[in-house]
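Let me begin by presenting the structure, written as structure tokens, before commenting on it.
Fair warning: this is a prediction, and the values are worked out from it, not measured in the lab. Sequence lines set the chain letters: A, B, ... in the order given, protein chains first and strands last, and positions in each chain run from 1.
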Amino acid sequence: MNDALKTDPLAGVTGDRPVVARFCPSPTGNPHVGMARTALFSWAFARHHGGKFVFRVEDTDQSRDSEESYNLLVDVMRWLGLDWDEGVEVGGDNGPYRQSQRMDIYADVAQRLLDGGFAYKAYDTAEELEERREKARAEGRPSGYDGLHRDLTDEQRAAYEAEGRQPVIRFRMPDRDYTFDDLVRGPITFGADNVQDFVIVRANGQPLYTLTNPTDDALMGITHVLRGEDILSSTPRQIALYEAFAQIGVGSGVTPRFGHLPYVTGAGNRKLSKRDPESNLLGYRDDGFLPEGLLNYLALLGWSLPAVDGEEKDVFDLAEMVEAFEIGRVNPNPARFDLVKCEAINGDHIRRLSVEQVTERLLPYFQKAGLIADPATDDEAAVLAAAAPLVHERISKLTEAVDMLRFLFVAEDEFTVDETDAAKQLDEKGLTTARAAHDALAGLETWDTESIEAALRAALIDGLGLKPRLAFGPVRVAVTGSRISPPLFESLELLGRERTLARLSAALSS
RNA sequence: GCCCCGUUGGUCUAGCGGUUAUGACGCCGCCCUCUCAAGGCGGAGAUCGCCGGUUCGAAUCCGGUACGGGGUACCA
């Protein structure tokens, strides 16, 4: 966290070229929140520096990747509003942007690394490797590849092939230490003894992430790599690969800067896994989170807006984040995802919306719940528009509005009253109150909020001598079905005289 | 085992050698009030993982150590 140790993020790599950052998930399973935060920080970094943002998909593992997951990824990026200048679906000069469509490129790069002596074929079997690994570990040595096949002669290779062994291709790590200046952590050094030769192409000819990721970053002109700390320890390998690329003419010859973002953890201290329901990004959309609310909360996990005049501000939108985002301010320590705070921040964002905007955002949730037709009728749209202000500041997720306003949209024969609430509020006294309310409202000439309030106050508070909370409780439960509801008089106006009186009558006769 | 990263109230976070250690979420109380929220006010809650060192002075700098996390794959 000592920024003095960290150099300018733009130093060394850009020159007069613009910043190019990227997000490159692999399409396995549901997109999760840690992924979204990585995307957000990379995106904000690119935008802050006026650079480009590339969205690439790393689908090189056929056994784990799926088309469905790919579609989800695109869908969620669009929902979040993290737009990309180059990448899947939108194209660009350095495509294609799905690694499964770039296999010929990797084969070519691997061959050139082989030809240049930067990589070699290794014929060890899995069993042999395992045995040597165990031994090294037992002796307290690092357990990576021991380099046994580093310098095989032609005869030795021929002999292995005669046995029918298929070689992997391994990258030859230069025998030296690697130090790089991490954008969020400062200088980090890996000793030569601890970074071994690694596989870049499988025995079956498929390239691995270890090759495809740096190859694409080099070819796509990526200047800044922001990613999870889980791959911090593979950074020296990638730097070595870049140095080889410079010599065989892959990419521009410049090594990007790296920044490793901390984990987002769940309960306990475990990294939030794809299987945790809390990590499912699209679940947040279904639950009624606003993309700007979720993103704001995610930004807070490891980053904060600098205080202005001693004032700290933690509710902000993407534009404000872009304006202020500095990678050097990102916290290197992991942060726990707190759903309750996420909801609170989301509520703040809902309240920032205009009534028109909330209404618009609410509509699909009512349609999904089957309360409003798709497309909405003029009448439904009008009721929703009139009701939205009643719940606007009462909800922290859009779906909460659906529950609060259900009584307005539900078909009359499907209207139900919460049993517990009815038991508490519609006892003998409550029914007396409800009857008085019914009679007062039945004779009302003008059906609007003011008249309704005046009539009920006159009948229940002045007439029956009740305290306000005792007076309105039974009416609320009978008419909205719950002890908790939007403001009562406004609700009754929207419900209309007929339905209001019918529900009060129903309560009296049950 | 070996390598790397991290450690400030329950959670997130400010802090960059001198502060009564910042703010947010949550929690408690009060105000407002037709319920629930929102809003306002106030409160509890941190000897800054631990031990040494440097310094007149350390949450801040240095060295150890403990604990947590990650890596150590023909996953990414």
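Taking only side-chain nitrogens and oxygens, Arg185(A) never comes nearer than 4.0 Å to OP1 or OP2 of C5(B). Between G15(B) and Arg329(A), a contact under 4.0 Å exists linking OP1 or OP2 to a side-chain N or O. Taking side-chain N and O atoms only, Asn333(A) has a distance below 4.0 Å to OP1 or OP2 of U7(B). Arg227(A) has no side-chain polar atom (N or O) that falls below the 4.0 Å cut-off from OP1 or OP2 of A76(B). Phosphate contact (OP1/OP2 of G6(B), side-chain N/O of Asn331(A), threshold under 4.0 Å): absent.
Remark: the separation of the C1' atoms in U19(B) and A14(B) is 12 Å, to the nearest Å. Comparing the same atom, C1', in A46(B) and in U20(B) gives a spacing of 14 Å after rounding to whole Å. Separation of the P atoms belonging to C50(B) and U33(B) is 48 Å when rounded to the nearest angstrom. Taking atom P on both nucleotides, G64(B) is separated from C5(B) by 13 Å, rounded to a whole Å. Taking the C1' atom of each, C3(B) and U8(B) are spaced 28 Å apart, rounded to whole Å. Taking the P atom of each, G52(B) and G57(B) are spaced 15 Å apart, rounded to whole Å. Nucleotides U7(B) and G63(B), compared at atom P, are 15 Å apart to the nearest Å.
Base-pair partner of G63(B): C51(B) (Watson-Crick or G-U wobble, both distances under 3.5 Å).
Residues satisfying the side chain to side chain contact (heavy atoms under 4.5 Å, CB included) criterion with Thr179(A), sequence neighbours excluded, are Thr189(A).
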